[in-house]
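What follows is a single structure, written as structure tokens, with notes after it.
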Amino acid sequence: MASLGVNIDHVATIRQARYRHGAVGVVEGTEEPDPILAAHEAVLGGADVLTIHLREDRRHVNDRDLELLCRVARVKVNLEMAATDEMVAIALKHRATSVNGGRPQMVTLVPEGRQEVTTEGGLDVAGQAARMKGVVAKLKDAGVVVSAFIDAETAQVEAAAKAGFDCCEIHTGPYASAFAKAGGDFRVGALAGSLERVSDAGERIAGLGMRFNAGHALNYANVRPIAELMEVEELHIGHAIVSRAVFVGMRRAVEEMKGLVVGL
Ligand code: PXP
């Protein structure tokens with residue numbers, strides 16, 4: 001049965017929409033909504049993992065959010081980040097100084113484009129094998145579980161295994177857009193094919209001794225077929241949950257997604 005990782009970045013995106021340029025009369029520390037409060041609600045709703053993406057330009061989540069989350073989280077923290085020296089140093093600093101069991105326990109390496117609204121494609125592990133190997137080794141030496149966010153391609157899965165990654169998170173964006181185009185009808189070849197690509201990649205990942213995670217653009221309509229894949233261990237979901245939370249609250253939005261993920 002898959003676990004649910006809830007990505008709280010999008011709560012920070014709402015906060016920054018208001019405060020990015022400084023709002024009149026704001027007292028520092030009172031900016032809302034607070035992603036840390038969202039994290040608390042997410043755990044009460046059944047989140048098994050909390051994911052936070054600290055971007056180079058701090059456009060949504062900031063250093064304070066990461067620091068606080070590492071201190072207060074009672075479930076696994078998954079830090080998404082670019083494979084830069086700055087980010088590796090931050091991950092190791094939090095790993096070393098956390099009072100709460102040494103979080104983040106997991107780092108997911110992602111590509112980062114300045115202009116993108118959200119992560120757009122998988123990391124090119126095969127194209128930067130030496131650099132990846134070095135970054136993975138540094139993080140693993142500190143006891144961090146290291147995951148690569150990659151497209152469902154054999155070359156990337158094999159390169160991730162060679163670089164020493166513990167897990168691969170398969171980019172489910174292409175599956176999600178095929179699902180939307182086909183209206184969820186798996187008789188449509190493009191949709192069946194995209195699910196098969198994710199599934200094949202998952203089998204290869206597990207066959208190479210890594211953990212198979214999946215995420216990106218999963219929602220309440222399209223998540224079941226991915227959650228049902230044999231080897232999948234964790235699903236990482238953000239936007240759909242935060243969107244649903246606007247109407248029903250974070251705790252219930254997570255409960256509903258968790259029900260779908262575990263097949264209730
Ligand atoms: N996994 C990774 C690696 C991501 O970068 C993101 C987006 O932040 C997600 C999962 C969650 O994607 P979404 O917000 O579309 O659910």
Side-chain angles (χ1 to χ4, degrees), residues 2-14 16 35 38-39 42 45 47-62 65-66 69 76-83 87 91 104 106-125 132 145-152 156 160 165-180 198 201-202 205 210-224 226-227 232-246 250 253-254 256-258 260-261:
S3 309
L4 175 61
V6 175
N7 184 320
I8 56 171
D9 298 348
H10 304 287
V11 176
T13 301
I14 299 171
Q16 296 314 106
D48 303 293
V49 180
L50 292 166
T51 294
I52 188 165
H53 184 174
L54 188 68
R55 283 179 172 269
E56 202 188 348
D57 62 6
R58 312 297 196 266
R59 86 173 69 137
H60 40 55
V61 165
N62 57 35
D65 299 331
L66 175 62
L69 187 70
K76 180 165 96 176
V77 172
N78 170 36
L79 171 61
E80 277 180 18
M81 59 179 225
M87 287 301 156
M106 179 159 137
V107 160
T108 300
L109 296 180
V110 298
E112 217 171 83
R114 276 278 165 118
Q115 301 308 322
E116 66 189 8
V117 175
T118 182
T119 315
E120 279 170 2
L123 186 66
D124 182 13
V125 180
M132 287 298 134
V145 171
V146 194
S147 179
F149 178 62
I150 54 171
D151 292 323
Q156 296 297 344
F165 281 96
D166 301 293
C167 329
C168 292
E169 179 179 333
I170 291 296
H171 186 353
T172 46
Y175 159 77
S177 63
F179 188 100
V198 176
I205 290 163
M210 296 180 287
R211 295 189 220 158
F212 165 37
N213 299 337
H216 211 278
L218 294 176
N219 60 36
Y220 295 86
N222 67 25
V223 72
R224 278 297 306 149
I226 297 290
V232 74
E233 294 200 21
E234 270 172 27
L235 301 184
H236 293 273
I237 309 178
H239 185 78
I241 291 174
V242 174
S243 301
R244 178 88 181 124
V246 171
M250 191 70 180
V254 174
E256 289 175 1
M257 185 60 84
K258 180 78 182 262
L260 291 168
V261 166

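Read the numbers this way: they start at 1 and go in the same order the structure lists the ligands and their atoms.
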Can you tell me how far apart NZ (Lys76) and CE (Met106) are? Round to the nearest 0.5 Å. 4.5 Å
What is the minimum heavy-atom distance between Tyr175 and Ile226, and which atoms define it? CE2-CG1, 3.5 Å
Can you measure from CG (Asn219) to CE (Met257) and round to the nearest 0.5 angstrom? 6.5 Å
Distance from Ser147 atom OG to Glu233 atom CD, nearest 0.5 Å? 10.5 Å
Atom pair CD1 (Ile8) and CD1 (Ile52), whose distance is rounded to the nearest 0.5 Å: 4.5 Å
Within this structure, what is the NE2-CD1 distance for the pair His216 and Ile170, rounded to the nearest 0.5 Å? 13.5 Å
Pull out every atom of ligand 1 sitting under 4.0 Å from any heavy atom of Val110, numbered as shown with elements. 3 (C)
Element-labelled atoms of ligand 1 that are located less than 4.0 Å from some non-hydrogen atom of Ala217: 12 (O), 13 (P), 15 (O), 16 (O)
Polar-atom distance check: Ala240 versus ligand 1, any N or O pair below 3.5 Å? no
Which of the numbered atoms in ligand 1 are under 4.0 angstrom from any heavy atom belonging to His10? 14 (O)
At a 4.0 Å threshold, what atoms of ligand 1 neighbour a non-hydrogen atom of Glu169? 1 (N), 2 (C), 3 (C), 10 (C)
Using a 4.0 Å cut-off to any heavy atom of His239, which atoms of ligand 1 qualify? 13 (P), 14 (O), 16 (O)
Does any N/O atom on Asn7 come nearer than 3.5 Å to any N/O atom on ligand 1? yes
Which one holds for His171 and ligand 1: side chain close, backbone close, both close, or neither close, with close meaning a heavy atom under 4.0 Å? neither
Within a distance under 4.0 Å of any heavy atom of His236, pick out the atoms of ligand 1 and give their elements. 10 (C), 11 (C)
Within the 4.0 Å heavy-atom shell around Ile237, which atoms of ligand 1 are there? 16 (O)
What I want to find out is whether Asp57 reaches Arg55 closely enough, with some N-O distance under 4.0 Å, to be called a salt bridge. no
